[in-house]
Amino acid sequence: MNRKISQRKINEVDNIKAYIKKYRSFGILDLESMPSAQLQKMRSQLKQYALITMSKKRLTKIALNQLKDEKNNITAVAESITGMPALLFTNDDPFKIYRLINKSKTSVAAKPGQLAPHDILIRAGPTPFAPGPVISELGQLGLKTEVKEGKVNIKEDKILVKENQVINDKAASLLSKLGIEPMEISLNVVAIYDNGMIYKKDVLAIDDIKVMS
């Protein structure tokens with residue numbers, strides 16, 4: 001069944017095609033669960049190396065199909081479009097841009113149920129909390145406290161959650177109140193197309209030593 005495409009969508013398809021022709025490589029990203037603030041930060045960090053644009057799955061697939069006679073194997077990229085897709089365009093080597101993306105990880109708050117990526121340490125010192133029920137809450141988490149100058153003070157360093165342990169509701173809440181963001185997120189690169197080759201994440205993630213060996 002043919003569906004009429006609005007002029008705005010036609011323009012978007014044309015823009016996608018123009019970018020694919022302009023740049024050496026383009027990648028498929030999945031931005032599912034990516035906070036807007038972190039996305040904008042990463043786009044800013046990578047702007048000298050890559051252009052990142054949002055696009056609808058259907059429009060991206062239309063653009064790829066219209067380029068099938070000009071770009072070898074390009075329609076196969078459509079299989080990698082998933083989640084909340086975005087497109088990345090770059091003139092750099094796919095492996096280089098993947099490494100740069102991994103280096104652009106940003107910190108975010110922990111959510112209950114996530115696994116700690118490393119030991120999460122609460123350091124001794126003053127907190128922003130006034131004395132009250134919070135003292136009991138901190139005690140339940142194994143933190144020793146005292147009151148100094150009208151504020152709750154943590155008496156000694158304490159590992160709140162060990163690496164690979166589940167972060168529970170109380171721990172996540174405390175970390176948020178203290179402004180501690182232990183989790184790291186990065187752009188989820190699903191695949192990168194480069195001159196007829198499609199590199200999936202498992203290949204792009206191979207480190208330099210493995211590539212050279």
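As the structure is a computational prediction, the values presented were derived from the model and not from experiment. In what follows, every heavy atom counts, from backbone to side chain, and hydrogens, waters and symmetry copies are set aside. By convention here, the first residue in the shown sequence is residue 1.
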Any side-chain heavy-atom pair of Met183 and Gln114 under 4.5 Å: yes

Distance (rounded to the nearest 0.5 Å) between Thr60 OG1 and Met54 CE: 10.0 Å

Where Ala171 and Val161 come nearest, the two heavy atoms and their spacing: CB-CG2, 4.0 Å

Which pairs of donor and acceptor atoms, one on a side chain in residues 68-91, lie under 3.5 Å apart (sequence neighbours left out)?
from  : atom 1 : to     : atom 2 : distance (Å)
Asn73 : ND2    : Gly196 : O      : 3.3
Thr90 : OG1    : Tyr49  : O      : 2.8
Thr90 : OG1    : Asp92  : N      : 3.0
Asn91 : OD1    : Arg24  : N      : 2.9

Residue pair Ile20 / Leu67, side-chain heavy-atom distance below 4.5 Å: yes

Heavy atoms from other residues, nucleotides or ligands near CG of Asn195 exceed 12 (cutoff 6.0 Å): no

Close side-chain approach of Leu204 and Pro94, heavy atoms under 4.5 Å: yes

Tyr199/Tyr98 aromatic ring centres below 6.0 Å: no

Atom pair NZ/CD of Lys170 and Glu137 - distance to nearest 0.5 Å: 8.0 Å

Criterion side-chain hydrogen bond (donor to acceptor under 3.5 Å, both in side chains) on Ser55 and Glu12, from CA distance to verdict: CA-CA 8 Å; Ser55 181; Glu12 185 172 338; 3.2 Å; yes

hydrophobic_cluster_shared for Ile159 and Leu141, side chain cutoff 4.5 Å: no

ILVMFWY cluster, Leu46 and Tyr19 together (side-chain gap under 4.5 Å): no

Side chain to side chain contact (heavy atoms under 4.5 Å, CB included) between Leu143 and Glu156, intermediate numbers included: CA-CA 8 Å; Leu143 294 162; Glu156 56 187 50; over 6 Å; no

Atom NZ of Lys22: over 12 foreign heavy atoms under 6.0 Å: no

Considering all heavy atoms, the nearest Ala124-Asp157 contact: N-OD1, 2.7 Å

Shortest non-hydrogen contact between Lys200 and Ala191, atoms and distance: CD-CB, 3.9 Å

Linked, directly or transitively: Ile120 and Val166 (ILVMFWY side chains, under 4.5 Å): no

Euclidean distance, Thr145 OG1 relative to Lys155 NZ, rounded to 0.5 Å: 8.0 Å

CA sep, side-chain torsions, deciding dist, call: Lys61, Lys56, side chain to side chain contact (heavy atoms under 4.5 Å, CB included): CA-CA 9 Å; Lys61 290 180 179 180; Lys56 299 290 186 181; over 6 Å; no

Close side-chain approach of Leu29 and Val190, heavy atoms under 4.5 Å: no

Any donor-acceptor pair under 3.5 Å from Asp169 side chain to Pro112 backbone: no

Hydrophobic cluster identity match, Ile16 and Ile52, side-chain contacts under 4.5 Å: no

Ser186 side, atom OG; Leu100 side, atom CG - distance, nearest 0.5 Å: 10.5 Å

Residues Ile28, Ile192; criterion side chain to side chain contact (heavy atoms under 4.5 Å, CB included); working and verdict: CA-CA 6 Å; Ile28 303 295; Ile192 294 180; over 6 Å; no

Approximate separation, where rounding is to 0.5 Å, of Leu175 CG and Lys111 NZ: 14.5 Å

Shortest non-hydrogen contact from Val203 toward Phe95: O-CE2, 3.4 Å

Joint cluster assignment, Met42 & Val189, ILVMFWY side-chain distance < 4.5 Å: yes

Non-neighbouring partners of Glu163 that pass salt bridge (charged side-chain N to carboxylate O under 4.0 Å, His left out), sequence neighbours left out: none

Check: His118 and Asn164 side chains under 4.5 Å, non-hydrogen atoms: no

Salt-bridge criterion met for Asp119 and Lys162 (N-O under 4.0 Å): no

Side-chain touch Thr106/Ile185, heavy atoms, less than 4.5 angstrom: yes

Under 3.5 Å donor-acceptor, Ser104 side chain and Ile101 backbone: yes

Heavy-atom donor-acceptor pair, Asp194 side chain to Met197 backbone, under 3.5 Å: no

Side chain to side chain, Ile122 and Ile180, heavy atoms closer than 4.5 Å: yes

Val108 side chain near Gln38 side chain, heavy-atom distance below 4.5 Å: yes

Candidate pair Leu31 and Asn188, rule side chain to side chain contact (heavy atoms under 4.5 Å, CB included), full reasoning: CA-CA 7 Å; Leu31 301 184; Asn188 182 11; over 6 Å; no

Nearest-0.5 Å distance, CD of residue Gln165 to CG of residue Leu160: 9.5 Å

Side chain Gln66, main chain Ala63, donor-acceptor under 3.5 Å: no

